[in-house]
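Every chain is numbered from 1 and lettered A, B, ... according to where its sequence line falls, protein lines coming before strand lines. Remember, it's a predicted structure, so these values are computed and weren't measured experimentally. Only this structure's heavy atoms are used, side chains among them; waters, hydrogens and symmetry mates stay out.
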There are 2 protein chains.
Amino acid sequence: MTTERQPTLDTVAAAAGVSRATVSRVINGSPRVSPEARDLVEDTIARLGYVPNRAARSLASRRTDSVALVLREADATVLADPYLSAVIIATSQALVGTGVQLVLVNAQNDAEHQRVGEYVRSGHVDGVLLASMHADDPLPQLLVQARVPVVVGGRPERPIPGLVYVDTDNVGGAQLATERLVAAGRSRIAHIAGPPDMTAAADRLTGYHRALARAGRDAGPVAFGDFTRASGEAAMATLLDHNPDAVFAANDMMAIGALRTLRAAGRRVPEDVALVGYDDIELAQHTEPALTTIRQPVVDQARTMTELLLLQIGGQPPGDPVVLPTELVPRESA
Amino acid sequence: MTTERQPTLDTVAAAAGVSRATVSRVINGSPRVSPEARDLVEDTIARLGYVPNRAARSLASRRTDSVALVLREADATVLADPYLSAVIIATSQALVGTGVQLVLVNAQNDAEHQRVGEYVRSGHVDGVLLASMHADDPLPQLLVQARVPVVVGGRPERPIPGLVYVDTDNVGGAQLATERLVAAGRSRIAHIAGPPDMTAAADRLTGYHRALARAGRDAGPVAFGDFTRASGEAAMATLLDHNPDAVFAANDMMAIGALRTLRAAGRRVPEDVALVGYDDIELAQHTEPALTTIRQPVVDQARTMTELLLLQIGGQPPGDPVVLPTELVPRESA
DNA sequence: AAGCGCCGTGAGAGCGGTCTCACGGCTGGG
DNA sequence: CCCAGCCGTGAGACCGCTCTCACGGCGCTT
């Protein structure tokens with residue numbers, strides 16, 4: 001039961017015959033230490049197996065060396081969301097070697113979301129990464145005003161001065177998708193859009209329109225879904241009236257829904273109707289036919305967000321938003 | 001630039017005209033405070049927007065109110081692993097309302113994995129959840145010896161006294177799968193097993209054998225894969241020599257690989273060969289035919305792990321391992 | 001030769017809480 | 001009526017680290 005108390009700075013200092021201050025300098029890599037003292041202290045630290053106490057350090061230095069990754073809408077529905085998983089893992093990977101810890105904050109509802117502000121203020125973290133925001137989310141605004149370093153994933157609904165965000169090029173990606181259909185000689189290109197209050201969905205719609213305009217085409221019929229497969233099925237059913245020969249869906253799940261409706265309607269893909277999705281989820285490889293889609297650099301996005309956040313924490317002023325390029329993944333459906 | 005310093009205990013105490021100790025008691029819900037004092041202090045706290053400093057509290061109390069979720073093998077390969085995502089989200093959900101923070105520790109390689117021990121010792125967290133362990137992982141042993149509260153997901157290779165784990169019933173699940181095939185009147189039931197050094201794979205193999213034995217059958221042919229789709233394809237190719245009329249694959253990805261091989265070989269599923277997978281991944285719903293499989297209570301597992309960990313942190317002795325029931329998800333493939 | 005500045009080091013004051021202990025006032029039992 | 005005991009409160013000692021400041025010693029300039 002006599003749990004060996006962990007060695008402290010004092011322990012090390014005493015064992016090395018120097019002062020606490022010197023040990024602290026060694027630990028923090030201060031240049032103002034003689035090489036002999038440094039070696040001595042380092043040996044002692046290794047010998048005693050000393051590890052600095054984070055709480056004490058944090059208390060004294062007013063830094064925590066940890067950042068929060070704030071998730072939203074993390075309920076059972078998206079429980080197995082591979083995108084989320086990628087963001088989380090990529091973020092934690094980006095932090096490896098920096099000595100910065102990742103604290104996961106899961107705000108399931110508005111009330112909890114509000115409390116994130118408190119949480120940050122209480123000095124738990126040095127900065128905040130915001131994933132999967134909602135359009136009306138006041139949190140980024142709050143954090144920016146409180147001068148808390150923050151980086152959000154995805155373009156916010158309304159521009160917020162001083163808010164750094166890292167987005168993928170939804171407009172460009174949607175253009176790629178649409179251009180693919182144009183290039184395939186399709187003339188009646190429809191779009192299954194996502195919820196218009198989500199910027200990613202809005203941007204993809206914009207890209208769709210832009211590509212058609214550039215190709216000198218009129219806009220085709222557009223149906224709106226909510227990014228679920230069921231909504232894709234329903235949207236496709238609507239679009240069938242227009243007898244399209246191509247469909248660009250704003251995400252893969254809706255594309256898969258559309259695929260199902262098309263098949264049920266006796267339309268062959270891609271012969272009768274070419275189909276392009278968005279996201280390149282795992283499933284897209286396994287549909288029949290395999291889904292042509294747009295890949296987003298999720299890992300890059302998370303990494304970039306993390307880097308930008310660390311820069312801000314390091315004292316640099318918030319820079320400009322970053323938009324990362326997307327890429328077409330050609331498969332069989334278009 | 002004059003950043004308003006956050007109010008501290010002293011601030012609140014002064015404003016309320018009481019001592020620091022009293023404010024502390026109110027915050028910690030001590031019963032030894034008069035109702036009047038309590039109300040007064042609570043009002044003051046609300047008025048000043050006071051939030052306790054976690055580092056200071058942690059330093060003084062030797063608690064951190066946070067737990068680590070240690071992941072392994074979290075590289076690009078499993079980046080989009082929906083299981084991981086589910087574990088992470090479920091864990092963080094289980095922590096909501098407890099005031100305990102989730103710190104994600106991503107040990108990509110052995111060296112980093114070792115450092116988790118240090119990390120815990122330095123007092124960062126009150127306890128550790130271990131996900132996706134490897135067979136030879138010394139970490140659980142280390143943590144148990146260091147009397148650090150720890151709960152691991154999945155049964156460890158070798159029993160470790162005092163180690164609490166939460167597993168899903170792999171043996172039972174495999175039995176369900178195999179029994180399904182027996183009940184369907186299949187007589188030559190093969191198995192595509194996972195890596196024998198993973199307990200989940202070993203247990204599923206055991207369940208397969210047990211079900212056959214109970215049904216008075218001889219064991220069928222077994223091929224080993226590594227849980228990837230490619231290995232499932234290869235394993236199925238091997239098994240074709242035995243001309244099975246049913247296959248139970250130890251996970252869905254291998255089942256999907258097997259499906260592909262079967263189709264290529266001109267075998268119809270389920271008419272010629274019935275097929276059962278394991279895990280009930282999203283993809284299983286979308287194969288053609290849809291995959292009959294076994295569902296594991298991932299969310300329950302994560303929640304249970306968290307609860308058991310909190311109990312240990314609360315001072316209770318480590319209890320017995322928990323094994324959660326699995327369930328058959330009947331679809332079209334068997 | 002004297003003075004200056006810099007360099008390595010140590011002493012000590014916080015950082016913002018928790019928690020033990022002491023203390024005055026009140027209640028209740030003998 | 002007195003004193004034991006409890007209750008609510010306050011004082012103050014930490015928790016382990018950072019960081020400022022002071023100090024002695026050395027090399028350099030003048």
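- The distance between atom CG of A:Asp10 and atom P of D:dC14, rounded to the nearest whole Å, is 13 Å.
- For the segment residues 24-32 of chain A, the set of residues with a heavy atom within less than 4.0 Å of an atom of DNA chain D comprises A:Ser24, A:Arg25, A:Asn28, in numerical order.
- Ion pair A:Asp10/A:Arg20 flagged as a salt bridge, since at least one NZ, NE, NH1 or NH2 atom sits closer than 4.0 Å to an Asp/Glu carboxylate oxygen.
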Would you sort out whether B:Ile27 and B:Ile45 count as a side-chain contact (heavy atoms from CB on, under 4.5 Å), showing the intermediate values?
CA-CA 9 Å; B:Ile27 291 169; B:Ile45 287 177; 3.9 Å; yes
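- When heavy atoms are screened at a 4.0 angstrom cut-off, B:Ala55 is found touching no nucleic acid atom at all.
- Comparing A:Glu36 and B:Val51 along DNA chain C, the residue whose closest nucleotide (by nearest heavy atom) sits nearer the 5' end is A:Glu36.
- Rounded to whole Å, the distance from CZ on B:Arg54 to C1' on D:dC17 is 19 Å.
- Between B:Val67 and B:Val125, the shortest heavy-atom contact is C-CG1, 3.9 Å.
- Taking 4.5 Å as the limit, some side-chain heavy atom of B:Leu324 sits within range of a side-chain heavy atom of B:Val166.
- In this structure, the nucleotide among C:dG17, C:dG8, D:dG16 sitting nearest to the side chain of B:Thr8 is C:dG17.
- Taken to the nearest 0.5 Å, the CG atom of B:Leu308 stands 12.5 Å off from the OH atom of B:Tyr165.
- Atoms OG1 and CG, from B:Thr199 and B:Asp167 in turn, are 6.0 Å apart once rounded to the nearest 0.5 Å.
- Atom-to-atom, NE2 of A:His124 to P of C:dG16 comes out at 15 Å; the value is rounded to the nearest Å.
- Remark: C1' of C:dG16 and CZ of B:Arg57 are 11 Å apart, rounded to the nearest angstrom.
- Atoms CG (A:Asn53) and P (D:dC17) sit 6 Å apart, rounded to a whole Å.
- In terms of phosphate contacts, A:Arg62 brings a side-chain nitrogen or oxygen within less than 4.0 Å of OP1 or OP2 of C:dG16.
- For D:dG10, the OP1/OP2 oxygens have a side-chain nitrogen or oxygen of B:Ser19 closer than 4.0 Å.
- Within the nucleic acid shown, A:Arg20 comes within 4.0 Å of at least one base atom, counting heavy atoms only.
- Listed nucleotides: C:dG16, D:dC15, C:dG8. Nearest to the side chain of A:Ser34: C:dG8.
- Taking atom CG of residue A:Leu59 and atom P of nucleotide C:dA13, one finds them 17 Å apart after rounding to whole Å.
- As rounded to whole Å, 21 Å separates atom P of D:dC14 from atom CZ of B:Arg63.
- Ranked by how close their nearest DNA chain D nucleotide is to the 5' end, B:Ala60 and B:Thr22 are led by B:Thr22.
- In this structure, B:Leu9 atom CG and C:dG14 atom C1' are separated by 16 Å, rounded to whole Å.
- Each of C:dG10, D:dG16, C:dT9 was ranked by its minimum atom distance to the side chain of A:Val33; first place goes to C:dT9.
- When every heavy atom of B:Ile313 is checked against every heavy atom of B:Asp126, the shortest pair comes out as CG1-O, 3.6 Å.
- Minimum atom distance to the side chain of A:Pro52 is reached by D:dC17, of the listed D:dT9, D:dC19, D:dC17.
- Between B:Thr168 and the options B:Arg155, B:Gln301, B:Gln296, a side-chain hydrogen bond (donor to acceptor under 3.5 Å, both in side chains) holds for only B:Gln296.
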